[in-house]
Amino acid sequence: MQKNDVSMSIEIPYKLYKADAGGYKFSLKPNLQLENHNFQPALHLIDKHCPHDKLYEVQFNYDKHTVYITTGEGILTSLPLPDEFSDFNEVEVWMTWIKKDICVGSKNKTFFTYPRNITGGKSADKFIGYIKFETNYGFDWKVHESPEVYKMPLEKNLKGGKLHWVSIEDHKLPQDAMIGGFEKNPIYIARAMYSGSLCPGKYVPEEGKAYVAWGGEEHEKSNFQILCGYNAKWVLCSDDNIPENAFVAGTSEIQNEPLYIGRAFIDYKLIVGKVHMLYKTCYLPYQGEEIEVQDYEILLDLSIKPKGYPCRGKCKVNVFNKDLTCI
């Protein structure tokens, strides 16, 4: 794994890196000093068992302002490149292949998602083991890291699945604790009291602490609960368009307004926080601050059958737990 930025010389036709953690972060920039420009840099995702077997090619075509992905079977999919690729400046890109999709993005947004159900739908991190950067396109690549943040834990055999809150003892995670996102490693969904509000936030196992966002800051909590179960689903959401079966996880300090669980990308990390419908915003605890985003994913409770309209009215769900006291 590469821990530092490594520039690739264009004299070498390609550079191969081990990539069995489910993702990579890199930069690419056109080399405008070359006389013959071919602004179509490409990379390949390679089979874990054979470094010569190309499973997918991802091409950034600057001329057509399009990103293409081609499978080993020759299936081609394309989507427009975002605006930051228009001015030929250096662009940081991240790529993940966990679960059943291959995602490509820049900054904090995904601009390409490739659903792999047409080739069997297996988890890509089960069979992708290398990434190859082609360096004969007149581009300078910089490989930043093979991020451990994308490495997923082993699958668990679980029974049940109803969402429920559990207090942690001796920092031992419940077997059915729900993974909410990742930083250096997977993080979990937590909630804790702060200033009269029962706030959804994140739990970082390595630190044994939970963090919630409130009042413009990130607040560390040692008394908290962890969300367990798996009868849930993440869906895209924005502003106050809250799905009817969004999971109510907490309450605000004023009038006990419902708070939901949201998540979004920050600096290539998937951070969990709270959604407040009144302010049309998802608030994320990150590096000491409360980060506001208007486009995010929200967690749905699949045990609730929606009737077909968004939950814009005042919810009267009592989510307080007597065992969770404010410290």
ask   = Are V248 and L259 joined in one hydrophobic group, where the rule is that I, L, V, M, F, W and Y side chains link up if heavy atoms are under 4.5 Å apart?
value = no

task = Begin from the C-alpha positions of F85 and F111 and carry the test ring pair (Phe, Tyr, Trp, His ring centres under 6.0 Å) through to its verdict.
result = CA-CA 12 Å; F85 288 83; F111 61 78; 5.8 Å; yes

key: Chi angles and distances behind the side chain to side chain contact (heavy atoms under 4.5 Å, CB included) call for W141, L43   = CA-CA 10 Å; W141 298 88; L43 59 85; 4.2 Å; yes

Report yes or no: does [X] contribute a side-chain atom to a donor-acceptor pair with the main-chain N or O of [Y] at less than 3.5 Å?
| X | Y | result |
| --- | --- | --- |
| D267 | K269 | no |
| R191 | G250 | no |
| E290 | W214 | yes |

ask   = Would you say the ring centroid of F133 lies under 6.0 angstrom from that of F26?
value =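 Ring-ring flag for F133/F26: true, centres closer than 6.0 Å.
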
Cut-off 3.5 Å, no hydrogens considered: what does the side-chain donor-acceptor table look like for residues 199-209, sequence neighbours left out?
{"from": "K202", "atom 1": "NZ", "to": "E183", "atom 2": "OE2", "distance (Å)": "2.6"}
{"from": "K202", "atom 1": "NZ", "to": "E218", "atom 2": "OE2", "distance (Å)": "3.3"}
{"from": "K202", "atom 1": "NZ", "to": "P285", "atom 2": "O", "distance (Å)": "3.0"}
{"from": "E207", "atom 1": "OE1", "to": "Y211", "atom 2": "OH", "distance (Å)": "2.3"}

inquiry  = Show, in sequence, the C-alpha distance, side-chain angles and deciding distance for V58 and V67, and conclude whether the side chain to side chain contact (heavy atoms under 4.5 Å, CB included) test is met.
reply    = CA-CA 7 Å; V58 180; V67 58; 3.9 Å; yes

Closest non-hydrogen atom pair between [X] and [Y], with its separation:
| X | Y | value |
| --- | --- | --- |
| S106 | W94 | N-NE1, 3.8 Å |
| L284 | G273 | CD2-N, 3.5 Å |
| V275 | I242 | CG1-CD1, 3.8 Å |
| S197 | S252 | OG-CA, 3.8 Å |
| A192 | K221 | CB-CG, 3.7 Å |
| G229 | H164 | N-CE1, 4.2 Å |

Interatomic distance, I261 atom CD1 to I189 atom CD1 [nearest 0.5 angstrom] = 4.5 Å

key: salt bridge (Lys or Arg N to Asp or Glu O under 4.0 Å) assessment of E92 paired with K142   = CA-CA 9 Å; E92 282 197 354; K142 290 183 180 178; over 6 Å; no

Y260/L299 under side chain to side chain contact (heavy atoms under 4.5 Å, CB included): CA gap, chis, key distance, verdict = CA-CA 7 Å; Y260 305 92; L299 188 69; over 6 Å; no

I102 vs T96, side chain to side chain contact (heavy atoms under 4.5 Å, CB included): CA-CA, chis, key distance, verdict = CA-CA 6 Å; I102 295 175; T96 63; over 6 Å; no

inquiry  = Tell me whether the rings of Y279 and Y283 are parallel (<30°), tilted (30 to 60°) or perpendicular (>60°).
reply    = perpendicular

